[in-house]
4 protein chains.
Amino acid sequence: MATFSERQRQVKQQAAQEAIFDAALKVISGASLEGLKMQDIAAAAGVATGTLYNYFKNKEELLYYVDQRLHDQILSKAIEIAHAPVAAGQRLSLLLQEIFSFAATYHLVFDLAERSGIVDRIPVQEKQELLDQAVATFQFILEDGVAEGAFRKVDTRKTAAVFFDAVIGILEIQKYVGTYDFTQAGLDLLGLFREYLQPDPFMPERNE
Amino acid sequence: MATFSERQRQVKQQAAQEAIFDAALKVISGASLEGLKMQDIAAAAGVATGTLYNYFKNKEELLYYVDQRLHDQILSKAIEIAHAPVAAGQRLSLLLQEIFSFAATYHLVFDLAERSGIVDRIPVQEKQELLDQAVATFQFILEDGVAEGAFRKVDTRKTAAVFFDAVIGILEIQKYVGTYDFTQAGLDLLGLFREYLQPDPFMPERNE
Amino acid sequence: MATFSERQRQVKQQAAQEAIFDAALKVISGASLEGLKMQDIAAAAGVATGTLYNYFKNKEELLYYVDQRLHDQILSKAIEIAHAPVAAGQRLSLLLQEIFSFAATYHLVFDLAERSGIVDRIPVQEKQELLDQAVATFQFILEDGVAEGAFRKVDTRKTAAVFFDAVIGILEIQKYVGTYDFTQAGLDLLGLFREYLQPDPFMPERNE
Amino acid sequence: MATFSERQRQVKQQAAQEAIFDAALKVISGASLEGLKMQDIAAAAGVATGTLYNYFKNKEELLYYVDQRLHDQILSKAIEIAHAPVAAGQRLSLLLQEIFSFAATYHLVFDLAERSGIVDRIPVQEKQELLDQAVATFQFILEDGVAEGAFRKVDTRKTAAVFFDAVIGILEIQKYVGTYDFTQAGLDLLGLFREYLQPDPFMPERNE
DNA sequence: AATGAATGAGTATTCATTCAT
DNA sequence: TATGAATGAATACTCATTCAT
């Protein structure tokens, strides 16, 4: 078992992929989106175009990888925020800020999957799972809020789903108009849900 | 009096544009999405490629026209529903159904507008106006509902905005996963907002 | 013999051709040269494109006609100057001015024949004849000058030929650089030939 | 030291350009003239069309390069002849022969430069410079001839200019008629200038 | 004769991918 | 493994010409 050289190879492999990921992200986030050339990514990564094909079967796979990585990043960040030791209402607000901030920086990347056609290649199940995780993160906060008594007893799944829908809608709308100013829409969203989740003063439920 | 021949010419012009619009819609909605060829549209319209250029300056303008036409269609349909002589809550539901049904049929066209980059060519103001009109339609129904006493007194602008965000989010999410099944998300959305808009039993407001 | 209607037809025909000629000249002289469209000529002539084809078999013939007409114009003007009742030396100068002035105005037309490829269609004999006539015009002036004693006895054919060569060369060079300033080159040419043609003071030939 | 590989790369680059140049020349000089296709050049060079674009930004630049190369060739050849160790009169004759011979071979290329509109892209200054160099070459010979006592003392600049004009005129005329037979015109030109430059027998100037 | 909408062939250029070195 | 030159398929748009009215 050539464990050592094998591991060495893996390390190199990962380092290269990492470099390519960074380069691709830079190129994608950088400019226009129309015309994301493999050559540009290679140049940004400081390697030859042919080298890209040693790490990714083709352009689609490379973009798929970038897409996944970003999903992982934002999702793990979201989960971190969801578990932060602060009030549920505040966590909701923080998470929203994080998402909008991320979107403002990497909005081109959101188009990526769609425009490059790789969406069709991702299994439906995988996509559904990603969405479920996202909704689950919101739901987690909501349930915490209900448990804390900060929120009234609502159908947390449904509430999280609608909340998530609205978040995605806001991102999409801002992408459409081109101005990535989420403040007004974000405030509206938080305001409405705060109201919706407000505990009923005449029914002061203490959850155990 | 050149009125007659002039009118005749306009009629022919419109008929041709109409035929091309239908053909483009058919081609776009029909199949692959990657690679919408002018030739295909021409073939579908039963004319030569050159003929397309008698009615549209270039591909972009043709797609822009198709995009606008669809926006007009869905918007006028929405306004019609908003003014239908039925209860506000039902109008909300009907409108949602209409939008989802429309999206299920023409989603490829919406993709195309985005992917072909024509979105960037539309003035921000125009895009903003379209969104405002859409939100205004929802708001109109909400205000009617409040007036009818069917909904409690809420900030209709904010509520309409968030509702619209959620609708767009649902469309986007369904586009992402590829299954255009809006039932669950639609029910969740309607359910949540019905609850949110439910008149307070202890504050029986009678609007005149 | 339908002489009357026949003549009428001819008159109309000529009028139409004339209008088209004027329009073509305007369009050609007007702008860039790249892209001389039949439609533009038709528009300038105030007729439909199809109408052009009632008077000219195709684009080539139309351009050929324009080309010929211009040749006729400059040539007849040249002959007129050649026969003007002034000193031979002055006629040479006047003719040069006329040619350069004409070229400055219609230089695009000179390219016409060449760039539109109609040159290849004109019979060599016809082209040769045109050149011969041009040279003959110069030669005519030279012979007059020799007869007047203003020029010394030279081989007028050869002298006229070289003179003509230089004139064409000047036109070509100015076309090449794009600035149509013929003054310096014209002065050089006239100066050299005046000197060349200067009667030998020691051999005062009186040609009868 | 990247010198070696760098030099190697340059050599390959030059070799490729050279091959493309040869191919373009062959294609252009070869046949029709109307419709010079990049594909044809690529095929003649034995490469794919895309390869052409590794060496030339676009068609225009390729043609520009060919044009420049030919100018350089004829000019250096001209200068070489101008400095040949033979009598000035003979050098004049040789140079004329060389130019005519060159033109007979490559006239299509000169046409092409004009017809493809690349002439407009060359800076006026550059074109003027080329012309100046050409005239200067003739002037150099003339001055030598004057110094040798073979020619009489003339204004060499003016004489060279007119001589050059006539040469260009001859080329243009022969291009126009299509027969590239320069003999008669060449003889006339040389004859006239020999006479013009003939030293005055009564004024035996000894230069130095 | 006049119209002018319809025709449709023809071509430069890009860029993901390969493969000899 | 890295290189990067070579590959070659794929597509929008123009404009001379036609012909039904």
Side-chain angles (χ1 to χ4, degrees), chain A residues 9 12-13 16 34-43 45-63 116, chain B residues 5 8-9 12-13 15-16 34-43 45-62 116, chain C residues 9 12-13 16 34-43 45-63 116, chain D residues 5 8-9 12-13 15-16 34-43 45-62 116:
Chain A
R9 202 168 62 101
K12 280 183 82 174
Q13 169 103 1
E34 285 305 310
L36 170 65
K37 290 176 253 180
M38 291 297 267
Q39 285 182 356
D40 291 344
I41 296 174
V47 298
T49 54
T51 306
L52 296 181
Y53 290 84
N54 287 331
Y55 297 98
F56 300 97
K57 190 182 160 195
N58 53 28
K59 190 181 184 181
E60 193 174 312
E61 283 212 351
L62 192 157
L63 295 182
S116 59
Chain B
S5 67
Q8 240 186 357
R9 207 167 57 109
K12 281 182 78 174
Q13 169 104 1
E34 284 306 310
L36 170 65
K37 285 175 266 181
M38 289 300 265
Q39 268 190 356
D40 292 344
I41 296 175
V47 297
T49 54
T51 305
L52 296 181
Y53 291 86
N54 286 335
Y55 298 96
F56 300 96
K57 193 182 157 195
N58 51 32
K59 191 178 182 180
E60 189 175 316
E61 281 212 354
L62 171 54
S116 58
Chain C
R9 203 169 60 100
K12 280 184 80 174
Q13 169 103 3
E34 286 305 310
L36 170 64
K37 290 176 251 181
M38 291 298 268
Q39 286 182 356
D40 291 344
I41 296 174
V47 298
T49 53
T51 307
L52 296 181
Y53 289 85
N54 287 331
Y55 297 98
F56 300 96
K57 190 183 159 195
N58 52 29
K59 190 180 184 181
E60 193 175 311
E61 282 212 352
L62 193 157
L63 295 181
S116 58
Chain D
S5 67
Q8 239 186 359
R9 206 169 56 111
K12 280 182 81 174
Q13 169 103 2
E34 284 305 311
L36 170 66
K37 285 175 267 179
M38 290 298 266
Q39 269 189 356
D40 292 345
I41 296 175
V47 297
T49 54
T51 305
L52 296 181
Y53 291 85
N54 287 335
Y55 297 97
F56 300 97
K57 190 182 160 194
N58 51 32
K59 191 179 182 178
E60 190 175 315
E61 281 212 354
L62 171 54
S116 57

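In what follows, every heavy atom counts, from backbone to side chain, and hydrogens, waters and symmetry copies are set aside. Chain letters run A, B, ... following the sequence lines, proteins first, then strands; residues in each count from 1.
Side-chain nitrogen and oxygen atoms of A/N54 include at least one within less than 4.0 Å of the OP1 or OP2 phosphate oxygen of F/dA2. Contact annotation: D/Y53 does not reach the phosphate of F/dG8 (side-chain N/O to OP1 or OP2, under 4.0 Å). In terms of phosphate contacts, D/T49 brings no side-chain nitrogen or oxygen within less than 4.0 Å of OP1 or OP2 of F/dG8.
Rounded to a whole Å, the NZ atom of A/K37 is 15 Å from the P atom of E/dT17. Rounded to whole angstrom, the span from the CG atom of C/L63 across to the C1' atom of F/dA16 amounts to 12 Å. Atom CG in C/L62 sits roughly 16 Å away from atom P in F/dC15 (whole-Å rounding). The interatomic distance linking A/F56 (CZ) with E/dT18 (C1') rounds to 18 Å, in whole Å. If you measure from atom NZ of B/K12 to atom C1' of E/dT3, you get 11 Å, rounded to the nearest angstrom. We find that CG of D/L52 is positioned 15 Å from P of F/dA5, with the value rounded to whole Å. Atom CD1 of C/I41 and atom C1' of E/dG4 are 16 Å apart (whole Å).
The listed nucleotides are E/dG8, F/dA16, E/dA2; the one nearest the side chain of B/A48 is E/dG8. Checking F/dT7, E/dA12, E/dT7 against every side-chain atom of B/T51, the shortest atom distance belongs to E/dT7. Closest to the D/K59 side chain, of the nucleotides F/dC15, E/dA12, F/dC13, is E/dA12.
Of the two residues near DNA chain E, C/G50 and B/V47, the one whose nearest nucleotide lies more 5' is C/G50. Comparing B/Q39 and C/Y55 along DNA chain E, the residue whose closest nucleotide (by nearest heavy atom) sits nearer the 5' end is C/Y55.
The closest donor-acceptor contact from the side chain of A/K59 to the backbone of A/L36 lies under 3.5 Å.
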